[in-house]
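In listed order, ligands and their atoms are each counted from 1.
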Amino acid sequence: MENSLITNIQKYSIHDGEGTRTTVFFKGCPLSCKWCHNPETQSYKKGLLFYAERCTGCRACMEECPQDAVSVKDGKVFTEAGRCTGCETCIDICVNNAREISGKTYGIQELTTELQKDQIFYETSHGGVTLSGGEVLARDLDYVENLMKCLKRRGIRINVDTCGAVPWQAIERVLPYTDVFLFDTKVMESEKHRFYTGRDNKEILENLEKLSAAGVGIWIRIPVVGGVNDSEEEIKLIGEFLRDKRIRAEQVNLLPYHNTGSGKYGRVGMEYEGKDFYTPDEAEMKLLQKTLQNYINYPVYIGG
Ligand code: SF4
Ligand code: SF4
């Protein structure tokens, strides 16, 4: 397959590795974290983004939708995500621009050309491209590998931002082209992990061990979500795992939760389940940083 679905190409990103980067968000993820900032990337298919605040209720989309995916509920226009095929018929029909399609296909050459436009910024800042999502390693691996080869031939450094919930073979395939893996570690207790993300963490932790043994660059990223994993006990469990399994990484980033993605849920027809989550304050983050640092000899940063 030559094309892959992408929701966004974010330029001048400074949070997905070293230097100035362009981050590519691929569509589709094996996890469904309740705090996900990019719910539009969870589905593997094209999907509709609906801006309710722009909708006047004219019902033109409803009349033209070939899938009968649009209806009116309690006086409001509603699109059934399961029926919508992303055919785009309703996009031009809506004169109020209340409807958009999330997910665009790019050929490898087309995407490489787009990413190469900022090569000068990558070179002057030791930056590069970050492949993210969703989960890039859950997409078509022929596509991903060929894209990475094209970028490498042009001297572009590549980070892979992964949730780790993929077969080891997928990670192994991109190892030769990856400068740094940004590897998420969320919760150590497996059933708790399943509750908050939809899957247990067995495969994820095994993959982290294998990656560490492979000797590649790893930045471990821990989203610290108030009410989920912001206690010292939770962070100690992660620290014990990293210490006992002798995980070698370049650094750990503790990323405080924020709810900026919550507004997107309504647009994709999903319900935000993180209403009780909160942002840990600075003092709490510093305590967790100090706690985790006791277990490992590479630096623990807040943010990044
Ligand atoms: S066409 Fe646009 S404005 Fe009219 S009902 Fe559909 S979304 Fe709302
Ligand atoms: S994208 Fe196509 S299937 Fe989806 S709501 Fe619009 S017209 Fe219907």
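Just one residue in the list Ile204, Asn201, Leu205 forms a side-chain contact (heavy atoms from CB on, under 4.5 Å) with Ser190, and that residue is Asn201.
Among all protein heavy atoms, the one lying closest to atom 5 (S) of ligand 1 is Arg59 N, 3.1 Å. Of the protein's non-hydrogen atoms, Cys55 SG, 2.4 Å is the one closest to atom 8 (Fe) of ligand 1. Of all protein heavy atoms, the one lying nearest to atom 4 (Fe) of ligand 1 is Cys58 SG, 2.3 Å.
Here is the list of ligand 2 atoms found below 4.0 Å of a heavy atom in Pro66: 7 (S). Interface of Phe50 with ligand 1, defined as ligand atoms under 4.0 Å from a residue heavy atom, comprises 7 (S). Less than 4.0 angstrom separates some heavy atom of Gly57 from each of these atoms of ligand 1: 5 (S), 8 (Fe). Counting atoms of ligand 1 from 1 in the listed order, those under 4.0 Å from a heavy atom of Val77 are 5 (S).
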As a quick check of understanding, evaluate side-chain hydrogen bond (donor to acceptor under 3.5 Å, both in side chains) for Ser102 and Arg267, giving each step before the final call. CA-CA 11 Å; Ser102 166; Arg267 272 182 231 150; over 6 Å; no
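Heavy-atom separations between Asn96 and ligand 1 include at least one value shorter than 4.0 Å.
Counting heavy atoms from C-beta on, the side chains of Leu147 and Thr112 come closer than 4.5 Å. No side-chain heavy atom of Tyr265 sits under 4.5 Å from any side-chain heavy atom of Glu273.
Applying the side-chain contact (heavy atoms from CB on, under 4.5 Å) test to Leu255 and every residue at least two apart in sequence or in another chain returns Arg221, Asn253.
Among the backbone and side-chain atoms of Cys94, no N/O/S atom is found under 2.8 Å from atom 8 (Fe) of ligand 1.
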Could you list the donor-acceptor pairs under 3.5 angstrom formed between side-chain atoms of residues 176-189 and any protein atom two or more places apart in sequence or on another chain?
unit_1: Tyr177; atom_1: OH; unit_2: Glu145; atom_2: OE2; d: 3.1
unit_1: Thr178; atom_1: OG1; unit_2: Val174; atom_2: O; d: 2.7
unit_1: Asp179; atom_1: OD1; unit_2: Lys152; atom_2: NZ; d: 3.4
unit_1: Asp179; atom_1: OD2; unit_2: Lys152; atom_2: NZ; d: 2.6
unit_1: Asp179; atom_1: OD2; unit_2: Ile158; atom_2: N; d: 2.8
unit_1: Glu189; atom_1: OE1; unit_2: Lys192; atom_2: N; d: 3.3
unit_1: Glu189; atom_1: OE2; unit_2: Glu191; atom_2: N; d: 3.4

I'd like a table of donor-acceptor pairs (distance under 3.5 Å, sequence neighbours excluded) in which one partner is a side-chain atom from residues 284-293, with atom names and distances.
unit_1: Lys286; atom_1: NZ; unit_2: Glu282; atom_2: OE2; d: 3.3
unit_1: Gln289; atom_1: NE2; unit_2: Val300; atom_2: O; d: 2.8
unit_1: Thr291; atom_1: OG1; unit_2: Glu232; atom_2: OE2; d: 2.9
unit_1: Thr291; atom_1: OG1; unit_2: Leu287; atom_2: O; d: 2.8
unit_1: Gln293; atom_1: OE1; unit_2: Val300; atom_2: N; d: 2.9
unit_1: Gln293; atom_1: NE2; unit_2: Ile296; atom_2: O; d: 3.1
unit_1: Gln293; atom_1: NE2; unit_2: Tyr298; atom_2: O; d: 2.9

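Contacts with ligand 1 closer than 4.0 Å are made by heavy atoms of both the backbone and the side chain of Thr56.
Atom 6 (Fe) of ligand 2 has Cys90 SG as its protein N, O or S neighbours under 2.8 Å.
Remark: Lys264 is not positioned above the aromatic ring of Tyr272, lacking an NZ or CZ atom under 6.0 angstrom from the ring centre and at most 45 degrees off the axis.
When all heavy atoms are compared, the tightest approach of Ala165 to Pro30 is O-CG, 3.3 Å.
Note on Glu172 versus Lys210: no salt bridge recorded, every NZ/NE/NH1/NH2 to OD/OE distance being 4.0 Å or above. With respect to the salt-bridge test (charged N to carboxylate O, under 4.0 angstrom), the residues Glu206 and Lys202 qualify.
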